[in-house]
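Counting starts at 1 for both ligands and their atoms, in listed order. These numbers come from a predicted model, not from an experiment.
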Amino acid sequence: MKEQLGKIKAEALAEIGNAEQSNTLNDIRIKFLGKKGVLTAILRGMGDLAPEERPVIGEIVNQVRQSIEKALDDRGLTLAAREQQVKLAQETLDIFLPGRSPRMGHAHPLQLVLEEIEDIFLGMGFTIAEGPEVEQDYYNFEALNLPKDHPARDMHDSLYITPEVLLRTHTSPVQIRTMERMHPNPIRIIAPGRVYRRDALDASHSPMFLQLEGLLVDKGVTFGDLKGVLTLFAKKFYGEDRQIRMRPSFFPFTEPSAEVDVSCGCLGKGCRVCKGTGWIEILGAGSVNPIVLKMAGYDPEEVSGFAFGMGIERIAMRKYDINDIRVFYENDQRFLNQF
Ligand code: PHE
């Protein structure tokens with residue numbers, strides 16, 4: 001019996017040593033130590049032994065059981081460690097792999113220019129006002145001293161929705177809306193926004209473009225104040241070495257009216273941008289026509305004001321040296337990514 005036990009032990013240890021997977025060890029455990037296992041069978045047979053032999057054999061069975069258990073445990077640990085290694089190697093995460101960075105957007109060049117201009121006027125104490133793009137004829141024309149038969153209406157190729165409603169042709173109606181809302185208080189606003197004209201799209205025209213309007217109304221405002229504000233704007237936007245000049249012009253809602261030019265970066269030497277003249281036209285302006293003040297509820301004997309309006313695309317085109325207005329609206333990433 002001793003001999004048999006020795007064989008069982010040797011057999012078990014050999015099998016354990018050969019096991020390459022931890023679940024094989026479980027089969028071996030059942031085979032030798034389980035309820036129907038080899039060792040249990042031996043224990044059952046103990047009844048046939050002489051009484052004095054039983055404790056001796058019992059002792060040996062226990063030793064064999066312990067040896068097998070220990071071998072199973074040791075081999076189990078070895079295999080578990082090895083399997084862990086394999087698993088880790090398979091599931092390796094490369095934590096140094098660069099992540100996928102989100103694609104960053106940025107402001108449109110027209111927005112950049114608009115914000116730069118807005119900041120300059122906000123710095124002078126102007127606030128931002130808004131008005132609707134679908135506008136009443138009254139605000140777009142009538143209240144700006146452009147009655148129905150006024151020839152100056154021809155300058156604006158308007159897009160009408162009904163006989164009394166149109167897409168605003170300029171931001172000047174915001175002057176009227178602000179005056180109606182504010183009178184008799186002083187006003188100092190800028191009004192940026194989209195405007196619409198019945199123009200075919202080509203390199204220098206777009207049926208929709210951006211303007212920025214300015215309006216200041218208070219006691220004792222003079223044409224000199226207008227010149228001062230616009231000079232400051234030109235120096236801040238174009239550079240301290242720049243100057244402005246005013247040429248007589250006509251707008252029904254300002255009197256007197258002027259076209260305002262800024263001196264060119266070529267400093268009068270003459271270049272492609274100023275076409276050799278040394279000056280670049282940037283905006284229209286003037287003192288608010290007393291007729292307009294009166295229609296909007298202000299007393300022209302009490303207050304006076306000035307207004308100006310500029311086209312954002314033209315200013316942006318010159319700033320970034322762009323010669324075709326259409327690139328602003330085409331959303332071509334190769335163009336937009338440059339800003
Ligand atoms: N509204 C004028 C235009 O669109 C510009 C302007 C605004 C002129 C304010 C004078 C004063 O051409």
K.L.:
What atoms in ligand 1 come closer than 4.0 Å to a heavy atom of Q175?
P.N.:
9 (C)

K.L.:
Taking only heavy atoms of F308 into account, list the atoms of ligand 1 that are under 4.0 Å away from them.
P.N.:
7 (C), 9 (C), 11 (C)

K.L.:
A side-chain contact here means heavy atoms from C-beta on lying under 4.5 Å apart; do Y238 and Q243 qualify?
P.N.:
no

K.L.:
Side chain or backbone, does H170 bring an N or O within less than 3.5 Å of an N or O on ligand 1?
P.N.:
yes

K.L.:
If the threshold is 4.0 Å, N to carboxylate O, is there a salt bridge linking E69 and R65?
P.N.:
yes

K.L.:
For the residue pair R197 and F209, would you count it as a cation-pi contact if the rule is NZ or CZ under 6.0 angstrom from the ring centre and within 45 degrees of the ring axis?
P.N.:
no

K.L.:
With atoms numbered from 1 as shown, which atoms in ligand 1 lie under 4.0 angstrom from a non-hydrogen atom of F253?
P.N.:
1 (N), 2 (C), 6 (C), 7 (C), 8 (C), 9 (C), 10 (C), 11 (C)

K.L.:
Pick one of side chain, backbone, both or neither for how A285 approaches ligand 1, counting any non-hydrogen atom pair under 4.0 Å.
P.N.:
backbone

K.L.:
Quick one: look up the protein heavy atom nearest atom 12 (O) of ligand 1 and list residue, atom name and how far away it is.
P.N.:
F251 CE2, 4.0 Å

K.L.:
For ligand 1, which atoms sit closer than 4.0 Å to a heavy atom of E213?
P.N.:
7 (C), 9 (C)

K.L.:
Does the pair K236/E116 count as a salt bridge with the N-to-O cut at 4.0 Å?
P.N.:
no

K.L.:
Should S172 be listed as contacting ligand 1, given a heavy-atom distance under 4.0 Å as the test?
P.N.:
yes

K.L.:
Have a look at ligand 1 and work out which part of R197, if any, has a heavy atom under 4.0 Å from it: side chain, backbone, both or neither.
P.N.:
side chain

K.L.:
Using a strict threshold of under 4.0 Å (side-chain N to carboxylate O), is an ion pair present between E164 and K148?
P.N.:
yes

K.L.:
Taking the six-membered ring for Trp, are F141 and H170 parallel (under 30°), tilted (30 to 60°) or perpendicular (over 60°)?
P.N.:
tilted

K.L.:
Taking N or O atoms only and a 3.5 Å limit, does Q211 qualify as a polar contact for ligand 1?
P.N.:
yes

K.L.:
For the aromatic rings, using the six-membered ring if either is Trp, is the centroid distance between F126 and F233 under 6.0 Å?
P.N.:
no

